[in-house]
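Below is one structure; the comments refer to it alone.
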Amino acid sequence: MNRRIKTFLSLGLVLSLLLVPVPGKKSAALALMPPDKEKEKLLSLNKWSISLDAGESFQLTANVGIPGKDGNDVKWRSSDPVIAEVDNNGRVTAWEKDGYVYVTASLGSITATCTVSVSSGKDDEVKWKDIPVHTVLGKPAEQYNVFRLTSDARSKGRIKLSWARQKKVKRYELQRAKAGSGKYKTIAKRRKTGYTDKKVKAGSQYQYRVCAVRTDGTKRYSSAVKIRASFSGGSVGLDRPSHLQAELCKSNVVGIWWDKAEGADGYCIYRRDEDDAKEKPVKMIYGNKKTEWLDWNRELYHVYEYRVAAFRNIRGKRIYSKKSYPVTLRTYKGSYTRLVNVSQVQIELKGQDGKRKEINLKSRMPAKAVLEPDYSTYSNKERVVSDKIVWSSSDESILKVDKKGMITSGTKEGYATIYARAHNGIRKGVRIKVVNFANPSGFPKYKGELNNINRLLTAYRSEVRDIATYFTIYGKKDESGLIRLNLDYLHERKVYGIPYLEKISLVEDRMQKLVMEFPLLLEISYDHKEVTFRIQYSNMYTKVIYSKEDRFDRSSERMAPHWKYYYFRPI
């Protein structure tokens with residue numbers, strides 16, 4: 001055989017061995033294979049292989065050797081935008097996922113490729129897949145495991161998405177992220193190839209991708225798209241101005257104040273006289289720094305109503321937010337007028353004294369708002385223009401309040417502020433803590449001298465707490481009973497008296513465990529206000545009582561705000 005042919009075959013065999021990727025390690029082909037020298041003369045990149053950590057970026061530059069063409073004519077493409085994305089200028093951004101992609105710069109039929117390896121930082125090494133040899137040699141890289149996702153946001157507050165149908169797919173998972181964050185969250189699982197996202201904010205930009213879950217368990221990701229939710233005819237994502245308040249600065253000068261709306265380019269103030277049927281815009285404020293205005297030379301002894309809306313300038317159009325709530329104010333002189341504005345609001349809570357404001361789970365508590373009139377006048381018979389109160393809660397998932405001031409808690413612990421607002425926007429808030437009275441902070445810290453109580457509050461503390469919590473939430477008026485061992489058949493050890501109440505199954509096993517396993521004879525009595533754990537020893541007994549209401553005094557027998565015990569007493 002010709003020596004040249006033998007040499008050529010030997011080199012080919014060595015080269016083919018070098019191109020075989022090693023599992024679990026970076027492919028040797030990436031480190032040893034040079035770019036195509038012929039194509040490099042026409043189109044080449046400043047890097048043909050780069051490594052990035054999650055969140056890092058790198059600027060690729062295309063060197064064009066074709067007369068009449070430059071870098072602006074180059075089109076960029078990433079083989080997997082889920083792992084790393086490239087913009088129209090060649091800037092590569094890595095997302096939080098291990099793997100590799102091929103960034104291709106194309107100029108007509110001529111292409112140049114850069115291999116990008118991405119590490120999320122979770123592992124020391126990138127988990128490499130088998131890399132096609134022809135891609136490393138500089139040939140055009142196909143978009144493996146990528147299909148197209150399209151979007152449309154022409155409707156207000158909606159983004160319509162559709163994608164290409166894939167073969168042997170069990171379901172599609174639509175994922176959404178804030179534009180540029182790369183942190184996707186699944187928002188829908190469907191079998192169809194379309195979805196309308198209605199939970200978007202007008203004017204905000206989002207990023208979507210679709211994961212196609214195949215019947216064999218493998219996944220394919222779509223191309224990622226960025227789109228801004230439509231603002232046409234909407235409020236461009238602007239929150240309306242909040243905490244509007246009006247105050248009489250002088251006898252005929254009204255001052256109004258409000259909190260700024262983020263992203264606003266200005267505000268429009270609306271006014272309505274008591275003699276007018278419709279409100280009118282009276283002042284435009286440009287910029288987002290000034291959030292106050294003085295309305296001069298108003299007519300005396302008149303009631304005026306004010307509202308404020310924010311606006312933003314988009315594409316030469318002024319788009320407005322929703323208007324704020326209305327506030328009213330009456331003008332008068334500081335003489336002997338009787339009809340005045342509210343100067344202060346106070347909130348009174350039934351059964352709440354001092355600094356501690358608490359309410360039990362699933363409970364109700366009435367609140368009362370006391371309005372103080374403007375005492376700047378000289379009359380002793382002032383009355384406010386309007387005694388109407390608007391109640392609101394800072395977090396309705398914790399506390400709700402109705403129009404009459406009745407506060408209702410749910411099954412979630414935490415803090416919420418209840419506000420009472422007067423006609424002119426003057427408001428007062430009171431912070432209330434929703435706590436589980438059956439599990440107060442002092443309960444697990446109790447260290448009494450009686451061994452049977454310690455045994456109850458340590459070894460069976462969770463059972464005692466859960467039983468008391470159940471009757472806090474689900475206990476109703478006129479429901480009472482006694483849960484104990486059936487003393488007539490004590491040798492069978494059966495629990496007697498567990499009622500058929502709503503969701504009693506939640507604590508039925510706790511009751512069984514507590515009564516059956518407690519080393520002393522124990523009984524549980526309940527009604528809609530109290531739960532009592534009565535422990536019998538010989539001819540003596542002791543009781544641990546839980547009350548829904550904070551009615552215990554602060555004696556030494558009080559373990560916590562709603563728990564009290566009694567010493568051994570003769571039966």
Residue pair N288, Y267: steps toward the side chain to side chain donor-acceptor pair (under 3.5 Å) verdict:
CA-CA 8 Å; N288 202 7; Y267 302 92; 2.4 Å; yes
Kindly determine whether I467 and Y546 satisfy side chain to side chain contact (heavy atoms under 4.5 Å, CB included), including the steps that lead there.
CA-CA 10 Å; I467 293 169; Y546 159 73; over 6 Å; no
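Separation of the Y320 and F311 ring centroids falls under the 6.0 Å cut-off. Taking the six-membered ring for Trp, W391 and Y419 have ring centres at least 6.0 Å apart.
Judged by the 6.0 Å distance and 45° axis criteria, K323 is positioned over the aromatic ring of Y270. Remark: R298 is positioned above the aromatic ring of Y304, its terminal NZ or CZ atom under 6.0 angstrom from the ring centre and at most 45 degrees off the axis. Judged by the 6.0 Å and 45° rule, R421 forms a cation-pi pair with Y325.
Without hydrogens or angle criteria, S222 side chain to V210 main chain gives a donor-acceptor distance under 3.5 Å. Side chain of N341 to main chain of R330: a donor-acceptor pair is present (N/O by atom type, distance under 3.5 Å, no hydrogens or angles). Of the possible polar contacts, none joining the S251 side chain to the K333 backbone as a donor-acceptor pair under 3.5 Å is found. Side chain of R190 to main chain of G194: a donor-acceptor pair is present (N/O by atom type, distance under 3.5 Å, no hydrogens or angles). With T532 contributing its side chain and R534 its backbone, the two residues share no donor-acceptor pair below 3.5 Å. A distance-only check finds no donor-acceptor pair linking the side chain of D276 to the backbone of K278 [under 3.5 Å]. Judged by distance alone, the side chain of E413 and the main-chain N or O of N436 form a donor-acceptor pair under 3.5 Å. The backbone N or O of D395 sits less than 3.5 Å from a side-chain atom of S393, completing a donor-acceptor pair. With hydrogens and angles ignored, the 3.5 Å screen pairs no side-chain donor or acceptor of S525 with any backbone N or O of L482.
The pair R510-E463 fails the salt-bridge criterion, with no side-chain N (NZ, NE, NH1 or NH2) lying under 4.0 Å from an Asp/Glu carboxylate O. One finds a salt bridge joining R307 and E279 here, because a Lys/Arg side-chain nitrogen approaches an Asp/Glu carboxylate oxygen to under 4.0 Å.
Under the 30°/60° scheme for interplanar angles, the aromatic rings of Y306 and W293 are found to stand perpendicular. Using cut-offs of 30° and 60° on the angle between ring planes, the pair F533 and W563 is parallel.
The heavy-atom pair separating S343 from P373 by the smallest distance is OG-O, 2.9 Å. Nearest heavy-atom pair across I498 and I483 is CG1-CG2, 3.9 Å. Closest approach of L294 and C249 over heavy atoms only: CD2-SG, 3.9 Å.
Considering R209, K183, K185 as possible partners of Q175, the one that fulfils the side-chain hydrogen bond (donor to acceptor under 3.5 Å, both in side chains) test is R209. With Y184 as the fixed residue, the side-chain hydrogen bond (donor to acceptor under 3.5 Å, both in side chains) test singles out one of R176, E173, Q207, K178: Q207.
T328 and H423 share a side-chain donor-acceptor pair at under 3.5 Å. Between the side chains of S363 and S409, no donor-acceptor pair is found at a separation under 3.5 Å. When only modelled atom types and interatomic distance are considered, N252 and T331 share no side-chain donor-acceptor pair under 3.5 Å. For the residue pair E292 and W257, a side-chain donor N or O sits within less than 3.5 Å of a side-chain acceptor on the partner. A donor-acceptor pair shorter than 3.5 Å can be found between the side chains of D197 and Y208.
Within the model, atoms CG of L514 and CG of L456 stand 6.0 Å from one another, a figure rounded to the nearest 0.5 Å. Considering CD1 of I256 and CG of L329, their distance stands at 10.5 Å, rounded to 0.5 Å.
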